[in-house]
Protein chains: 2
Amino acid sequence: MDVLTAMDLLKKNGFKYTDKRRDLLQLFSDEKRYLSAKEVQDSLKENYPGLSFDTIYRNLSTFSELDILEETELEGEKKFRFTCPTKEHHHHLICLKCGKTKEINACPMENITTDLSDFQVTGHKFEIYGVCQVCVS
Amino acid sequence: MDVLTAMDLLKKNGFKYTDKRRDLLQLFSDEKRYLSAKEVQDSLKENYPGLSFDTIYRNLSTFSELDILEETELEGEKKFRFTCPTKEHHHHLICLKCGKTKEINACPMENITTDLSDFQVTGHKFEIYGVCQVCVS
DNA sequence: CAAGCAATAGTAACGATTACGATTTATATT
DNA sequence: AATATAAATCGTAATCGTTACTATTGCTTG
């Protein structure tokens, strides 16, 4: 995923081109880690001092639905990151301090021996948490 | 985990015996599934119409710290269930409608081939979500 | 360049959780 | 049994993250 592809995706789905969206996408493209809405606001407030919550949350939600962003919830807060280049289904090792991630190649669902047939399975979550080398020091 | 063991654990840690705590624990003992604070309030309001948020959240938090309850967060809401009889580390298949669980015997951390050494790993989460047979019909 | 509609700002509302001062209650001590 | 004291609770307010609303702005297309 990159900014241009993302803007094309927006256009293709009837969304409009705005500077805020470009800059928002550029931010995720630069950072490549999980960001909260608050962090987004902080990062963009230099150029857009009055950036509205509505704008931030609505766009993050839109981007997530279009698979431009990957979404998770850490410690009661929604976090978003630019969709990984790895197209296949994957999981993450996540730094709880800065949101930096590392991809985990295996999916635990492949090795389940427990019988799941008495539930209609709709999804799963596997995340490893920690502190990255930069944040630990 | 059962109510008596839990009350003993409380005593042993300097907490007091109250009817509310007993009934709260009895609720979890009866239900054996993930409950939200709101569900707890609803279930107990017959006997304790004015049960305070403070009381509910503080006790849930205390119980969780003493490992009387297992805690997770589903769809932005904290959920608690009586600690499973299985002492060993385990994971859950969870019904998103009623909180009913089924234990998963394997832990994905055992089969990780990805190198984790550039992070100081502090924890992980593996949950399978779905709808149980009762809720699906 | 004007019409139409999406996007946004500013702000209010919301739901879950936490926090607070005043009061009540469990427990240990006398 | 009466009392002291410290914990537990109530009633309510504050907080935090998120969503929703209305008026206004600004993309896009003909």
Side-chain angles (χ1 to χ4, degrees), chain A residues 6-27 34-66 68-69 71-81 96 99, chain B residues 3 6-27 34-66 68-69 71-80 96 99:
Chain A
M7 292 304 288
D8 275 358
L9 247 168
L10 282 170
K11 269 247 169 81
K12 211 171 291 178
N13 284 272
F15 293 96
K16 291 185 174 171
Y17 181 98
T18 69
D19 288 356
K20 291 188 184 67
R21 281 186 174 149
R22 177 179 35 73
D23 287 11
L24 192 49
L25 290 168
Q26 190 60 52
L27 171 64
Y34 276 114
L35 300 171
S36 65
K38 179 168 281 300
E39 284 176 294
V40 168
Q41 188 186 38
D42 286 347
S43 299
L44 296 182
K45 79 171 158 212
E46 200 177 324
N47 291 334
Y48 306 103
L51 190 59
S52 164
F53 283 117
D54 188 288
T55 303
I56 294 172
Y57 281 108
R58 187 172 25 72
N59 280 321
L60 289 178
S61 161
T62 299
F63 295 168
S64 180
E65 270 168 37
L66 294 176
I68 292 169
L69 296 181
E71 185 176 348
T72 193
E73 194 162 339
L74 300 177
E75 297 160 339
E77 216 177 357
K78 288 189 179 179
K79 303 273 194 166
F80 302 85
R81 61 153 293 144
L96 291 176
Chain B
V3 178
M7 291 303 288
D8 275 359
L9 248 166
L10 282 169
K11 267 244 169 83
K12 211 169 292 176
N13 285 274
F15 293 96
K16 293 185 172 169
Y17 181 98
T18 69
D19 288 355
K20 291 188 185 66
R21 281 185 174 150
R22 178 180 32 74
D23 287 10
L24 192 49
L25 291 167
Q26 190 61 53
L27 171 65
Y34 276 114
L35 299 172
S36 66
K38 178 168 280 302
E39 285 176 292
V40 168
Q41 187 186 38
D42 286 348
S43 300
L44 296 182
K45 77 168 161 217
E46 199 177 324
N47 290 333
Y48 306 104
L51 190 59
S52 167
F53 283 118
D54 187 288
T55 304
I56 295 173
Y57 281 108
R58 186 172 26 73
N59 279 321
L60 289 177
S61 161
T62 299
F63 294 167
S64 180
E65 269 168 36
L66 294 176
I68 292 169
L69 296 181
E71 184 176 350
T72 192
E73 193 161 340
L74 300 177
E75 296 159 341
E77 215 178 359
K78 288 190 179 178
K79 304 271 193 168
F80 301 85
L96 290 177

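First the proteins, then the strands, lettered A, B, ... as listed; each starts at 1.
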B/Lys16 backbone acceptor or donor facing B/Arg21 side chain under 3.5 Å: yes
Exam field: side chain A/Glu39 to backbone A/Ser36, donor-acceptor pair closer than 3.5 Å: yes
Would you check, one step at a time, whether the test side-chain contact (heavy atoms from CB on, under 4.5 Å) holds for B/Tyr48 with B/Asp23? CA-CA 10 Å; B/Tyr48 306 104; B/Asp23 287 10; 2.9 Å; yes
Round to the nearest Å and state the distance from A/Leu60 atom CG to C/dT8 atom P. 11 Å
How close or far is atom P of D/dA8 from atom CG of B/Leu24, stated in whole angstroms? 13 Å
Here the distance between atom P of D/dC27 and atom CZ of A/Arg21, to the nearest Å, is 11 Å
Which whole-number value in Å describes the distance from A/Phe80 CZ to D/dG17 P? 14 Å
What's the closest nucleotide to the A/Glu77 side chain, out of D/dT9, D/dG17, D/dA20? D/dG17
Separation of B/Glu75 atom CD from D/dT18 atom P, in whole Å? 15 Å
Taking 4.0 Å as the cut-off, does a side-chain nitrogen or oxygen of B/Tyr57 come that near to OP1 or OP2 on C/dT18? no
Is a donor on one side and an acceptor on the other found under 3.5 Å between the side chain of A/Thr62 and the backbone of A/Arg58? yes
Measure CD/B/Glu73 against P/C/dA16 and give the value in whole Å, please. 12 Å
Tell me whether B/Arg22 is salt-bridged to B/Asp19, with the criterion being a basic N under 4.0 Å from an acidic carboxylate O. yes
Would you kindly give the NZ-to-C1' distance between B/Lys78 and D/dG17, to the nearest whole Å? 13 Å
Pick one: which of B/Leu69, B/Val3, B/Leu44 meets side-chain contact (heavy atoms from CB on, under 4.5 Å) with B/Leu24? B/Leu44
Without swapping roles, check the side chain of A/Thr55 against the backbone of A/Leu51 for a donor-acceptor pair under 3.5 Å. no
May I ask you to verify if any side-chain N or O of A/Lys20 is less than 4.0 angstrom from the OP1 or OP2 atom of D/dG26? no
Side chain of B/Asp54 only, heavy atoms from C-beta on: which candidate in D/dT9, C/dA9, C/dT17 is closest? D/dT9
Do the side chains of B/Asp42 and B/Lys45 get close enough for a salt bridge, i.e. N-O under 4.0 angstrom? yes
Looking at residues 37-53 of chain A, who's got a heavy atom less than 4.0 Å off DNA chain C? A/Gly50, A/Leu51, A/Ser52
Please state how far atom CZ in A/Phe63 lies from atom C1' in C/dA7, giving the value in whole angstrom units. 12 Å
What is the distance from atom CD of A/Glu71 to atom OG of A/Ser61, rounded to the nearest 0.5 Å? 7.0 Å
For nucleotides 24-30 of chain C, give me one character per nucleotide, 5' to 3': B if any protein heavy atom sits under 4.0 Å from the base, S if the only such contacts are to the sugar-phosphate, - if neither. --BS---
Output the single nucleotide from C/dC20, C/dA16, D/dA8 whose closest atom is nearest the side chain of B/Arg58. D/dA8
